[in-house]
Each structure stands twice: as C-alpha cells, then as structure tokens.
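Data first, discussion second: the structure below is written as structure tokens.
Because the structure is predicted, anything quoted here is derived from the model rather than measured. The sequence lines fix the lettering, A, B, ..., with proteins before strands; numbering per chain opens at 1.
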There are 2 protein chains.
Amino acid sequence: MSTVGKALSLLDKLSQLNAEPGLTDVARLCGLDKATARRLLVELEKHGFVEQDPETRKYRIGSAPVRLARVREARYPFLRIAVPFVRELAETSEETVHLAEFSGGALSTIHVEDSPRAHRVIVEIGTHLPFHATASGLAYLAFSGKKQIELALSQPLESFTEHTVTDPAVVRKMIDETIARGFSISSQGLEVGVVSTGAPILSPTGQPIGSITIAAPLVRANAATLNGFGAIVSAAAKRISEKYYGSERPMGTATQARGTG
Amino acid sequence: MSTVGKALSLLDKLSQLNAEPGLTDVARLCGLDKATARRLLVELEKHGFVEQDPETRKYRIGSAPVRLARVREARYPFLRIAVPFVRELAETSEETVHLAEFSGGALSTIHVEDSPRAHRVIVEIGTHLPFHATASGLAYLAFSGKKQIELALSQPLESFTEHTVTDPAVVRKMIDETIARGFSISSQGLEVGVVSTGAPILSPTGQPIGSITIAAPLVRANAATLNGFGAIVSAAAKRISEKYYGSERPMGTATQARGTG
DNA sequence: AAGCACAGGTTCAATATATGAACCATAAGC
DNA sequence: GCTTATGGTTCATATATTGAACCTGTGCTT
C-alpha cells in the first residue's frame, strides 16, 4: 500500500475508535511500526487532520476535515438535504433512524436521529456498516452492480452475533428478497435484539450512494411493523434522492466574490 | 515534503478552488508532475477523500471528510456550540459574520451567516484568511505567542488591495492596537470596500483556536459602529469559548453500544 | 478528413523517500 | 532499584515515488 493510503487508513481507524489512542495503540491498530505511525501522525498533524493532546499525548481527529466537509457540503449538500427526512422518519416511526454514505469502499454512518423512546437503539456516527450484516449494507448491495456483490461476498464474512448470516449463498438470497421487496431487513445481524429496515439512496444513474435505515428493538417489531417501516423508509430514500439530484447542483462558475476577514 | 504532505496539500488546494479542476489543473496548482498528481488523486479517491466526476473527469472533494467531521464534531462540537452565537451576531449587527478555525498552519473560514441586507459582504466557506490582511488573522496573531507572530511576519506579506498593509512594522503596530482594544479591525485589507472587526476564540490556556468576525461594507461603518461591533464580537468570542470548554468534553469511556444497520 | 493541439492517463529506470530493528528517556508498579 | 510499560528517535536498508517521454482520445482548424 502507498504511504498516502496508510495515512488515510490511519485517519479512518482513528475515526472508528471511541477513545483516544496513544502512539503504540495507533501503531498496533494500523499494523504499522511505531516509527512509521509516528511519522504519519506528525505529517497529518501538520495539516490539521490529527491533533495530539498536549497533556495526555493521545491522538484524535483534527479540525481540517471539518473545513473540508463544509466545503463539500456547500457544493453537494447531502446532509443538509437528507437530515430533515431522517428526522421526520424518526418521528413517525418512533425509532432510531440513521443515514449512511458509501465512501472509500465502505458504508459509514454519517447521521443519526434517536428514537424518542426510552428503550431505543443507539447508533454511533462514523461506524462502518458491514454489507452482509446490516440492513443498510444489504440495501446498498442489492442495488449495486454484480461485481460489487461478488467483491463483498468474496471476502470472509465476519460474525458479530450468533444470528449473523455468514454463508454467502444465504446473503445472496437476502439480496434477492431485498430487490423483490424494495427494502432490506436485517435481524440481529450486527447487534443482538435489534432489527433494521433499510433502503438505498440512488443516484440518477441508479447507482446507490448511501442508505437510510430504521433500527428498532426486536420486541417492538413484528412483520406488519417491518413492512410499514419498509414502505416509509423507501419513500424517504426516494425523496432524498429526488431533492439531492433534482434542484440544487450549482458548481460551474461560482460567484468568485472573495470575502474578507 | 513527504508524500503524505503532498496529498494533504492537494486536498487543501482542492477545497480552495471554486470550480472543479482537471488532472492538468491539479498538477499545475500543486506544483506536481501529472503522473504524481494522478497517483495521489487515485489514492485519495480510493479512500473517499476525492471524487472524480465520471462524466467530466474533473476532481472534487469526496465524502470521507464529511464522515470524519461528524466524528470530530460529535466529540468536540465546535460548530454546534459556535454557530448559534454567529447567527445571533449576524442578526444584531445586521452584517455578515464568519467563524474561522486555525488548522494546518492557517486560519480558514468554517461557517458564515449572511447579513440580512441586500448590500452585504459575501464570505466563502473554506477560504484561507491571511494573518496580516484580515481582522480574523490579526485577532488570532495578537493573542498568539511571539514566535507565531514572528513566523507570520517573516514571510512575504502578499498585497490583495491597494490598502493591504504589507509592512511588518505597521502590522506589528496593528497587533499592539488589537491587544489594547481587545478586538481587531482590518479595513480593506483583503477586499476593497470592506471593513472587518474580529476577536479571537481562546482555549483555557489562552491559546487562540480560531476567530469570529463581523464584515461590513465600508460605507455603513463609522468609528462608533466599529467600536460597537468590537464589543459584541468580543463578547460572543468569550461566550463561545466558555461554552465550548465549559460544559461538554466527554471522551474517556464512551458508551461502546455498537449500533446496527 | 487530415492535421493539429491539448486533455487525461500510463510506463519504467533513476532516485528520493519510507521503513523498522534497535535505541534512548521517562514514568509507574512492585 | 529493578521491571515493564509508555512516547519518541536514529540510520542503514529497502521500497515507494518520481517525471520525461510516451500513448490515446477528443475537439477544433484548415
């Protein structure tokens, strides 16, 4: 792998952790030598992608991505468009709803709206969602090309709970069902006691760019409920796509008015 | 410079452009060979930091930074804390207000709230703010250490308008005035006809982490107005700092509840 | 339609850069 | 005061990066 690739993977790993790692942790988690990890961290820090706590010497994501994200969202306002629909869905379903985007070969959570109920599913932002074990992943795969499916199923399928489907043939069947239904269902694939209903967000070419998913405690979700969720989540996905690709889309000759500070 | 540094600089350049560049443009702008630029772009694309438009073959910022930014903001919610104050300031001042953060050796705009008036100053998100030519930069420098000031003033000071102060001695004087006043003023330093009033946002150690600035058309701003702006912008900066460092600050043992999709 | 100019993209020998085992320094635990 | 952690550094070696020259396709000119 190129050095740049290693640095970006490091950044990705850093974003997945739920505690700030030290140098040794980073090296171990990324499978790098301590010296290499350090050089990468220093380089990333120079550019603001990583911050080191001056006291604890632990590392964390820096503020540079925030600036890049703002620029990206100013031109391609995926979150700005999608979040209101996620919120609406969370209100009507009374369950936790999350939005994921495909990026860098994986599907990752970029927004979550919690269920108003006390007993609810918690989803963390930044989580990678395995294709075979989540409704988001299945929804994404189902509407991707054949080669994307092959790629995903040719890798070893990790088991997260005793209910995780790890047989590629069975996953394939779930994908077929997802295509037939128009939405995906994953029961306890990643977490025990949780069932999710997801739909892909498609670009005008039909390529999925992400997904929107309702995650509910298993005890609250019977077949009828899930079908209801499937209908509303599919509708929301479609409306997000229409709004994202329909209106907006500026670019080209920007205003060029340089501001001042 | 390390390869990683080049890749990150490329990303930074990409975020500063107001139109999507092609391969040749990227190479030229970053001072790289076409082959090198391509390799970096491909590597960045693999990880979702860059996207290539499949039709026009132009490059743009990808969605990976959005995910990283969400993770960062979930733990260090600078924008979430600061934006309401920026908005309030824009309403009371009736002028454009923008928020900048220091990252990767430069001060960059990360949020803007426009003036409600028809005749208003436009600030673009992602803009780098030169230290000597903007109120944001002066406010930042004034409360930084001596070595930061030396570093900034030892470099050639670019001239953006006929009013830009490019004499280090004069800039030093403006910095002293900023310290005395508690806020900075920059008149037409970056853009003709615009005057700005800025204050630094300080960490508990006294180190500035960013700035908040009111930018007004020169014709609307007399000395009294500017003093008024200075007072409210300083107050806002202080309140942001207190709220950002005061409450929140979680980390440590996160909930560890892995969500599902 | 032949010729030209310029775009994106690729190749491979030369070379600069990244790597990692061994190292030092410091702190905590016993 | 010894052991075992940590963060951090060094430098000969190994490897990834570089860029001039090279395709290839597209659109414009003649």
### Task
Inspect the contact between E51(B) and R72(A) and indicate whether a charged nitrogen and a carboxylate oxygen are less than 4.0 angstrom apart.
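Judged by the 4.0 Å cut-off on N to carboxylate O distance, R72(A) and E51(B) do form a salt bridge.
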### Task
Can you check whether any acceptor in the base of dG20(C) is under 3.5 Å from a donor in the side chain of K34(A), or vice versa?
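Answer no: no donor N or O sits under 3.5 Å from an acceptor.
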### Message
At less than 4.0 Å, is any side-chain N or O atom of R57(A) found next to OP1 or OP2 of dT6(D)? Yes or no.
### Response
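Checking dT6(D) against R57(A), no side-chain N or O comes under 4.0 Å of OP1 or OP2.
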### Short side-chain N/O contact to dG9(C) OP1/OP2 from Y59(B), under 4.0 Å
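Affirmative; the distance criterion is met.
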### Query
With a 4.5 Å heavy-atom cut-off, do L10(A) and L44(A) have their side chains touching?
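A side-chain contact under 4.5 Å exists here.
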### Task
State, with a plain yes or no, whether a side-chain heavy atom of L41(B) is found less than 4.5 Å away from one of Q52(B).
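They are not in contact (no side-chain heavy atoms under 4.5 Å apart), so the answer is no.
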### Query
Going by atom types only, do T164(A) and T166(A) share a side-chain donor-acceptor pair under 3.5 Å?
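There is no such pair (donor and acceptor under 3.5 Å, judged by atom type) between the side chains of T164(A) and T166(A).
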#### Entry: Flag for T3(B)-T3(A): side-chain donor and acceptor within less than 3.5 Å
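Their side chains do not contain a donor-acceptor pair, so the 3.5 Å distance test is not met.
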### Message
If the condition is side-chain contact (heavy atoms from CB on, under 4.5 Å), which residues does V192(B) pass it with, not counting sequence neighbours?
### Response
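Partners of V192(B) by the side-chain contact (heavy atoms from CB on, under 4.5 Å) criterion, ordered by chain and then number, come out as T161(B), Q188(B).
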Over how many whole Å does the gap from [X] atom [atom1] to [N] atom [atom2] extend?
| X | N | atom1 | atom2 | result |
| --- | --- | --- | --- | --- |
| E43(A) | dA16(D) | CD | P | 18 Å |
| L23(B) | dT10(C) | CG | C1' | 11 Å |
| L41(A) | dT6(D) | CG | C1' | 15 Å |

Under 3.5 Å, which protein N or O atoms sit close to an N or O of nucleotides 17-20 of chain D? Give each pair with its distance.
residue	atom	partner	partner atom	Å
dT17(D)	OP1	T3(A)	N	3.2
dT17(D)	OP1	T3(A)	OG1	3.2
dT18(D)	OP1	K6(B)	NZ	2.5
dT18(D)	OP2	R39(B)	NH2	2.4

### Task
Check every strand shown and say whether Q52(A) touches a base, only sugar-phosphate, or nothing at a heavy-atom separation below 4.0 Å.
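If one applies the 4.0 Å heavy-atom cut-off, Q52(A) turns out to touch the sugar-phosphate alone, with no base involved.
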